[in-house]
Amino acid sequence: MAQVFDRGLVLALKIGTLVAIALTATLLVSWRWSIDYPNAQGAPPQQPLPFSHQHHVRDDGIDCRYCHSGVEKSAFAGMPGSNVCLTCHSQLFRDSPAFAPLHASARTGRRLQWTRVNDLPDFVYFDHSAHVSHGVPCKECHGRIDQMPLTARARSLEMQWCLSCHRNPGGHLVSPAAVFDMNAQLPASRAERRAQLAHYDVLSRKWLTDCSTCHR
Amino acid sequence: MASYGMLAEFASADELLEAARRTRAAGYRRIEAYSPFPVHGLVEALGPHRDRIPLLTLIGGILGGAGGYFMQWYSAVISFPINVGGRPAHSWPSFIPVTFELAVLGAALFAVGGMLVLNGLPTLYHPLFNVEAFELASRNRFYLCVRCSDARYDAVEVERHLESLDPLLVQEVPA
Amino acid sequence: MHDRKYDAGADDLDAFAQERRRVLKLMAAAAAMAGGACSGPPPEKIVPYVDTPEQSLPGKPLFYATATRLSGYGTGVLVEANEGRPTKVEGNPLHPASLGATDVFSQAAVLQLWDPARSQTPLRDGRVATWDEFLLDTENGLRELDASRGDGLFVLTGAVCSPTLQSQLEALHSRYPGMRWHQYDPLHRDNELRGSELAFGRAVDTRYSFDRARVVLSLDADVVSAAPHSVRYAHDLASLRRPHADRMSRLYALESFPGLIGARADHRVALPPADIERFAFRLGRDLGVAPAVVGDSPAPSFEKALVDDLLAAGAAALVLPGPAMPPRVHALVHAINHRLGGQGQTFEHTPPVAFKPVANVESIRTLADAMRAGRVRMLVILEGNPVYDAPADLEFAARLRTVARSVHLSAYADETSAYCRWHLPRVHEFEQWSDVRAFDGTASIVQPIIAPLYGGHSAHELLNVLLRSGAAAHDTVRGVWQRTFGNTDQDERWRTALRDGVIANTRAAAVTLAPELAESIFSNPPPPVDLAINFVADQSVRDGEFANNAWLQELPRSMSKLTWDNAAYVSPSTAARLKIASGDEVELRRAGRTVRAGVWVLPNHADDCVTVPLGYGRTRAGPVGDGIGFDAYRLRTLDAPWHGSVELIRTGAQRLLVTTQHHSRMEGRDLVRTATLAQFARNPQFATDEEIEKVPEHTLYPDRPYDGYKWGMAIDLNACIGCNACTIACQAENNIPVVGKEQVLRGREMHWIRVDRYFHDHDSGVDFQPVPCMHCEHAPCEEVCPVGATVHDSQGLNVQVYNRCVGTRFCSNNCPYKVRRFNFLQYVDRTQESLKALRNPDVTVRERGVMEKCSYCIQRIQRGRIEAERLGRKLRDGEVVTACQAACPAQAISFGDLNDPGSAVRAAKASPRNYALLAELNTRPRTTYLARVINPRPDDTEE
Amino acid sequence: MAKSVAPALEPTQPPARQTYASVSDRIADLVLKRRSRWPWFLGFTLALLCMLAFCVACAVLFWKGPGIWGVNIPVAWGYAIGNFVWWIGIGHAGTFISAILLLLRQHWRTSINRFAEAMTLFAAGIAGIFPVLHLGRPWFFYWLLPYPNVMELWPQWRSPLVWDIFAISTYLIVSLLFWYIGLIPDLATLRDRAKTRGRQIVYGLFALGWRGEARHWARHQSAYLLIAGLATPLVVSVHSVVSLDFAIGNTPGYHSTIFPPYFVAGALFSGFAMVLTLAIPLRHFFRLHDLITLQHLENAAKVLLATGWLVAYGYLCEIFMAYYSGDRFEMYVVKDRLAGPYAPVYWALLVCNVLVPQVLWWRKARRNVALLFVLSLVVNMGMWMERFLIVVSSLHRDFLPSSWGMFHPTGWDWTHLIGSIGTFALLFLLFVRFLPAISIYEIREQLHEQRKEGA
């Protein structure tokens, strides 16, 4: 019998195999990417009006708690009602078109619909008050919000990211006074870290990685 | 070089075995023998042969087993220790089955992989397949081939030698 | 892609285009599917308030004090509102009818509130209409009435325990003197009323103090079940059931249908109604308050023991007449109790709490006559569903149709609405301003927690319409209390009333009375009946008003463990006599009326007696309640409101009755451990002494330490009355779905805490055993989960991580207590918006394919914990209360931190009665039980 | 067991008139030349329909959830797990024949090992599907595998289900390798004898350019032997691990140390039954009476008889142990099996697995092909009932009488069972159509040795 596979065919087969492998790989990757979070990290989502944390926090120096009033007491940091915005903006930039939705909502009583930037799955129970009261500064999760003209997600919010802090929180804690300070210094030395842990009484942090700490 | 070697065809395993012995005795070293089924003693007849498959298999087994146990220990004790039903993180008795299975898997993969690699398979294209008659090598014919890469290879010499083994036919294999 | 498809659609001339179109279609579909499969979670919205309301803190629940109603009487509750959505009901510790606990109906009230089947619009002759049209139409009616000074105006209500409603009715009456007011509640208290009139010549209510009673006899009086006073009485009763050599009460029970009190009784006899009445007569004779009666005792030994005990206990003895006992028995019992001398101690009389109570049956009959005589110009039905539940021989529906102008105010467009000219949607208790008095007279303000979901109006608003007063309900209620509060610190007292949920010193004052019985009442003792019928309120749907409540429908009845149905209950021997078995369909005949019912053979039921629960066979209850069970009202006539004789014929057909417990015996396994008080005194360790060697001391692995919190639970089987409050409280707290009859039939009910019921093999005793997750320290479920979806946390909780669960169900197989529940299908309703609003935001809603189980209300633990840490301290005992624990009227459940030396649960577990279920498996459960101790008369147990 | 089959060598060898050429051509031509006849097409159509039904059932299952089955609490495992164990059991004879009998130098295995191995592959493959189908959220089945992920979570290694995953996938891979390297030389034969280009390419690809060089043969043989050696403990471990799914649990009726050997014996029992079920029609329709001789069938029958007794011993042990232990839960399970609602199944399986196989004591019976075929079906049925009984009857009445329940199979339960059988049949029919059902080179080798002995 003659050769079943001449040299050319063999070559073709080899190339074909490689191509097939590459193709499946790309397909898998793109699929994984497609099922990722809706608001990509670093990309500010569309909002009803172009609110700038940079302006309010850095330029005006407004405290986080002025608008997010629940952050120390509740799981939900709280979003300012239109009336809160209007305490200033009934006077400032009244006629700027950008503020039309705000005034409209105040007039009609129809609520503003903000797109959630840091969206956790429904089976995750994050509690702002718990973190704030234990000295986790805003910036640890929200990044330098004071440098964001438009608000975007600063962290991956994946479980491994949560765990990275829950496993050894020491390096992420600041003094109670500094929690809302965007320039707060994180403890550098081992000693400082232990000091913070001791201060917030999380020396035994077994329960920090309990499933039940975040999932119910 | 022009050709792959000189091929002789035989009707039975015993003839092939005999031919192999005599060819080697004649001083040829690069000899190959082809048969439709494993013929006992043929390899030895062709010259010294060391079987590395068992060693490879052992290595595979050890890698699989050790790797398996390490994986379990690392994930259950180091990576994310969780209190499961009050059992200790390192509950070694429960780690045994997976360790065993992975040892077997490793060994088997190494055995087969080793066999293929050492045999240089797959080799879809091979000069021998250019020989019309060679298709019978997988049916009922037995072949002896003296490679032209052999130090003492000389087409005429080899042909005469092979003829002397009264084969069914002798033929040069083009490269 | 879609556009391209439609372009192609333009030229469908040649086959090619057709083909191309098809291909493109497929491509489009493929793309769509791909999109559907690959897109991540949809972007979520945050919607802040426009004007942030006072003291609202998103993410934190608020609790409002208000009251729920049962047969008109109030029970104080605290309603949990999340972002303004009522999601859970807790008892109000300050309220005498609650003391912090609740019954199943209060728990189910939130589902009632969010029920999408509630009536959402006024109907005129069954067609959608508006409130304004109604006002117009009524105005015409009122003009006619003005002329006739109210002749022809009829108002039908239930028992009126709302001071505001009372004053409105009075106002209406003074405005229309001709107005007639009728009362009807199918679960009326006519016998009680008539009885007190026989004994005292006037209507009185009688309050009992079980916490002072040493010997209690119940004459078919299941005071701890499904009545306005049940929660309080259960609490008091339990307080004297703790095993104490000298302070434990003894309970005697006579009953036809096995009830909760009978299940707890130390001596219990099941008799048909007539025999119970006869027994009462003999008892009267024995205690010398009634003349001698012929006939021998239906329960001699019982009678003897009882009489001795009653006489011995004297003023500490108490006899309870059941609401179904005829008036003369009530009168007789008054005499007995007074003879025993317990007035002021174990019981006291008060003027009726309800406004002008009347005999309901008589009242509805006269109304029916008035309708027949055509004297009714306008009929306003504020409460109830007479077309469905009025005595069958009144033909109420037919009469009602003849009324020119009839108005029916009800939460659902029900049977009665269908026969009325006007149906008006009634607001839920949590949507209205009102007030209500509890069984002991204590008044509460009913305040709205949420604006009416579906529009609707309250009885007060409707009466204001008739009174032509523009006042809003709030002002009306406030106005009424203004008078009581007087002008001094008026606002303060109002605010206090709202905050506390009770209005100080409104409890009805006791009156001292002496009964005088006429000899005549004892003539003609009840004739013997071949087969008696016994009408009872269904434990879940009561008279039918809760028929559309899926939680209650799926709640297993305490004794039969039936769900989604009522049945004709008979005793095993009667079943044998009549040659019927559970599931057989029978035809019940009385007074020329017939009803087809499914039979359920129930141990401990009285012989020669069929019990038929009311409230089923509804036709216009709503999608949940329609067409299930049979309508016992069809057999309930004027002359036989509770008891009568009945014929029973097998039809040969079968009825599918589903139960959650198929096996009722303990098979000699020591699951519920019981001893008599005497045995307990002799051997306090009786619960554990033989088990001790069964618990393996040595284990291969070292025990894990649990420093910090170490949660545990103890359930006192002596206190538990099997009322199911825990089950439904848990359902409300933990977003537990209902699965429906067909799925229950397949054994897939989802209750996280079930109440196991075991009948004894040899005596007529019954045991209840609530079974939540045991949170075993050596949890067998955890070891076998391949993905670690159920594991221990550092507080020793056995947590179920829903989002990790893949649903192998291995854990359930390996759970010896079978407390795990699996979402075999998509049980949670994902589509119904109003049901979404009902759910507890702190508990994950489980999707199909996921295992779930009791979590010790971990969301409450974590909330408390975070709060405590914020304040920089540890949790204190009692700061975390599980839903079941909170609801339990008998306080059978204690829960807390086992590392806290002062915790109640630790004290409970220190009791010698404390034992672990299936301890020999070495699962080390955190939930343990306190063994049961009963207190029978020594001489009849010791022989 | 080897003893029981050893003396029967002579008649199981191919008759002397066969030559290398004739055996090669005969077996190869079954695939290359022979046109399929109506029985094959009939069987194929039926199997295809069943397979389609299986797919539909799976679609419905994924769409609605396991609730379409009769499973419930307490009987959370039903047909799916029963089928799983049953198929895995069937998937044991192949490797057993190929590996253990090879090591024991049972030459009669050569004419049946190839399709027995194929049977093993298909059975194990189908078995592997069921645990996945059975999940509440099957799309997350990969959470049972160890792989780095953003949750930083791992499988829970103490769970027998995880052991299962590893045991079964290992078993599948090893069996596949074993089967495939056995096939390589025969694929070469097919390549060389194929007339059409397409077949040459397909067979050629899978033959990997095998030339039958002596050193290749040597390595091939030692690898083959080594894998046989590995497969032997593996085959024992696999069903032991499967049995641990139950034995690890504390459920009375599951929690028993006899389970591993008892399951392995059961596996071989059902496996050999299935071998007969397949071998008999095979030799009938492909006229292989001279290659798969009566003696082969008789040997298989003897193994069946022997393993049958092991299984019977298992049954006996369960009952004895329950009473010996005095554990009231265990004792109740036995009582429940003997007289409870599932007693008919129990007695039926005793008849199928213990009583009926006793006819094999008679040589006439062992050599009566029709009877063997029927018997093999009976045993298969009996073994399925045993799996069903172990899974369901232990669960339906365990510790707390309050949670006792019953399992009633639904139509979908049956569809999945019958569908899986159809899928198995389909794969096997395709196998006999496109691959040599008997190992050609081993037959040649056997002829060769036979000649030498002849000489």
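Every heavy atom of this structure was used, including side-chain atoms; hydrogens, water molecules and symmetry mates were not. Labels below follow one simple rule: chain letters A, B, ... track the order of the sequence lines, proteins then strands, and each chain is numbered from 1.
Comparing C:Val819, C:Leu918, C:Asn814 by how many heavy-atom pairs each has under 4.5 Å with chain D, the most go to C:Asn814. Chain C forms more heavy-atom pairs under 4.5 Å with one residue of D:Gly405, D:Gly65, D:Ser403, D:Ser402 than with any other, namely D:Ser402. Heavy-atom pairs under 4.5 Å with chain D peak, among C:Asn813, C:Asn823, C:Val771, C:Val850, at C:Asn813. For the set D:Ile248, D:Ile81, D:Leu153, the entry with the most heavy-atom pairs within less than 4.5 Å of chain C is D:Leu153. Contact tally against chain D (heavy-atom pairs below 4.5 Å) for C:Gln661, C:Lys818, C:Arg821: the top residue is C:Lys818. When D:Arg397, D:His255, D:Lys64 are compared by the number of non-hydrogen pairs under 4.5 Å with chain C, D:Lys64 comes out ahead. With respect to chain D, the highest number of heavy-atom pairs below 4.5 Å among C:Arg669, C:Glu847, C:Glu783, C:Gln826 belongs to C:Arg669. Comparing C:His662, C:Arg754, C:Met666, C:Lys561 by how many heavy-atom pairs each has under 4.5 Å with chain D, the most go to C:Arg754. Contact count against chain D (heavy-atom pairs under 4.5 Å) is highest for C:Cys785 among C:Pro780, C:Cys785, C:Gly788. When D:Asp245, D:Leu400, D:Val162 are compared by the number of non-hydrogen pairs under 4.5 Å with chain C, D:Leu400 comes out ahead. Interface remark: of the candidates D:Gly136, D:Pro155, D:Pro74, D:Pro131, D:Gly136 forms the most heavy-atom pairs closer than 4.5 Å to chain C. Note on D:Val75, D:Thr251, D:Asn72, D:Asp164: by heavy-atom pairs under 4.5 Å with chain C, the leading option is D:Asn72.
Contacts between C:Ser812 and chain D at a heavy-atom distance below 4.5 Å involve the side chain alone, from C-beta outward. D:Trp154 touches chain C through its backbone: at least one of N, CA, C or O sits under 4.5 Å from a heavy atom, while the side chain does not. Residue contact with chain C, scored on non-hydrogen atoms closer than 4.5 Å, involves the side chain of D:Met151 exclusively. Contact of D:Leu145 with chain C is not made at all, since no heavy-atom distance falls under 4.5 Å.
To the nearest 0.5 angstrom, C:Thr923 atom OG1 is 8.5 Å from D:Asn250 atom CG. Here the CE atom belonging to C:Met851 is positioned 5.0 Å from the CD1 atom belonging to D:Ile73, to the nearest 0.5 angstrom.
A heavy-atom distance below 4.5 Å is found between the side chains of C:Phe810 and D:Trp77. Within the 4.5 Å cutoff, the side chain of C:Leu671 has heavy atoms near those of the D:Pro401 side chain.
Within a 6.0 Å radius of CZ in C:Phe759, other residues, nucleotides and ligands contribute more than 12 heavy atoms. In the displayed structure, D:Tyr142 atom OH is contacted under 6.0 Å by more than 12 heavy atoms of other residues, nucleotides or ligands.
Judged as a side-chain hydrogen bond (donor to acceptor under 3.5 Å, both in side chains), the pairs with a partner in residues 772-782 of chain C (not counting sequence neighbours) are, in order, C:Asp703-C:His778, C:Glu777-C:Arg926, C:Glu782-C:His792, C:Glu782-C:Asn798.
Of residues 738-751 of chain C, those residues with a non-hydrogen atom less than 4.5 Å from any non-hydrogen atom of chain D are, in numerical order, C:Arg746, C:Gly747, C:Arg748. Inspection of non-hydrogen atoms places C:Tyr802, C:Asn803, C:Arg804, C:Cys805, C:Val806, C:Gly807 of residues 799-807 of chain C under 4.5 Å from chain D.
Here the shortest heavy-atom pairing between C:Cys815 and D:Asp398 reads O-OD2, 4.1 Å. In terms of heavy-atom proximity, C:Arg809 sits nearest to D:Val71 at NH2-CG2, 4.2 Å.
Residues C:Glu920 and D:Arg328 are paired through a salt bridge, judged by an N-O separation under 4.0 Å between the basic side chain and the carboxylate.
Under the rule for a ring pair (Phe, Tyr, Trp, His ring centres under 6.0 Å), the partners of D:Phe399 that lie at least two apart in sequence or sit in another chain are D:Phe329.
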